[in-house]
Structures are given as C-alpha cells and as structure tokens.
Amino acid sequence: QVQVVESGGGLAQAGGSLRLSCVVSGSTFSRDALGWYRQVLGKEREVVATISSGGNTTYEDSAKGRFTISRDNAKNTAYLQMDSLKPEDTAVYYCKLSTYVFGIPYYYWGQGTQVTVSS
C-alpha cells in the first residue's frame, strides 16, 4: 500500500521561507517521479515543481528562482524549499507520486499541507 504524507506547512511572513517534506512508503521510490502541486479554494490544482527519478527538475514560472525541489532516496522523501514567499503562494500544497506497475502508470496523492503567507 503506497502512502504519501506531506508535512512542513504553516504560517510564514512575506519574504520568509518554509520547507515542505513528502514521505513516501510502499513504493519503488528511487524509480518514481514526484511533484509538488498547490490548490487555492475554488481554483484548479496547479503544478509547482516536479523531479524525475534521475533528478531532473521543472518549475512553474512563479516558482522559478524561489522554490527548490529535491529528493533523498535513502529517506524516501522529497522536499520543496520555498524562499522569498509571497502572499499569493498561500494554498494547500500536495505531493504527487508517479509510478509504474507492469508498465501501467499510477498516481498517489498526499492529504495536503496548508501554507499561509501573510503580507
């Protein structure tokens, strides 16, 4: 049973930093891709950053230069370091695991962690 658990959210001031963690169990973590997404109430969930099994990363435009996605395969954990936070970064942040089983893609989401940035 694959489980994805996020943590690290909270309240930060504009210009501050937070680091989100995503701990995965029950998967072939080192071979899987991960992504951080965020959702504001009433809006669609959007991708923030992704990291492949090989460590290649992508970022949504507003996250470039401020956020850093990384992974520690020894700990089955992915991170999102968020610096220079802005009030518009306020959202629920979700971690998504993308894996394959016998060539079939499967996706697993965590429960989300709230990030609130005050001005």
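The structure displayed is predicted, hence computed values, not measured ones. Note: hydrogens, waters and symmetry copies are ignored here, and every other heavy atom, side chains too, is used.
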(Q) So does Lys75 get a backbone contact from the side chain of Thr77, meaning a donor-acceptor N/O pair under 3.5 Å? (A) yes
Q: Flag the pair Arg66 / Met82 as yes when at least one side-chain heavy-atom distance between them is below 4.5 Å, and no otherwise.
A: no
Q | Name of the residue among Thr57, Leu18, Leu80 meeting side-chain contact (heavy atoms from CB on, under 4.5 Å) with Phe67 | A | Leu80
Q. Under 6.0 Å from the six-membered ring centre of Tyr37 and within 45° of its axis: does the NZ or CZ of Arg45 meet both?
A. no
Q: Could you tell me whether a side-chain N or O of Ser52 sits under 3.5 Å from a main-chain N or O of Gly55, the two making a donor and an acceptor?
A: yes
Q.
Both conditions, 6.0 Å and 45 degrees, for the charged tip of Arg71 above the ring of Phe29: are they met here?
A. yes
**Q.** Cationic N near anionic O, under 4.0 Å, Lys64 to Asp61
**A.** yes
Q. Going through the checks in order, is the side-chain hydrogen bond (donor to acceptor under 3.5 Å, both in side chains) test met by Asn73 and Ser30?
A. CA-CA 5 Å; Asn73 290 338; Ser30 64; 5.1 Å; no
Q. Is a donor on one side and an acceptor on the other found under 3.5 Å between the side chain of Gln111 and the backbone of Glu6?
A. yes
Q: Would you confirm whether Ser27, through its side chain, and Val2, through its main-chain N or O, come within 3.5 Å as a donor-acceptor pair?
A: no
Q: Check Ala91 against Gln114 and note the closest heavy-atom contact, atom names and distance.
A: O-NE2, 3.4 Å
Q. Under 3.5 Å, is there a donor-acceptor pair between the side chain of Tyr93 and the main chain of Ser7?
A. no
Q: Taking the side chain as every heavy atom from C-beta outward, state whether Asp72 and Tyr79 have any atom pair closer than 4.5 Å.
A: yes
Q) How about Gln39: does its CD atom have over 12 heavy atoms from other parts shown lying under 6.0 Å from it? A) yes
**Q.** Cation-aromatic face contact Lys96/Tyr107, 6.0 Å, 45 degrees
**A.** yes
(Q) Looking at Thr50 and Gly35, would you say the former's side chain and the latter's main chain have a donor-acceptor pair under 3.5 Å? (A) no
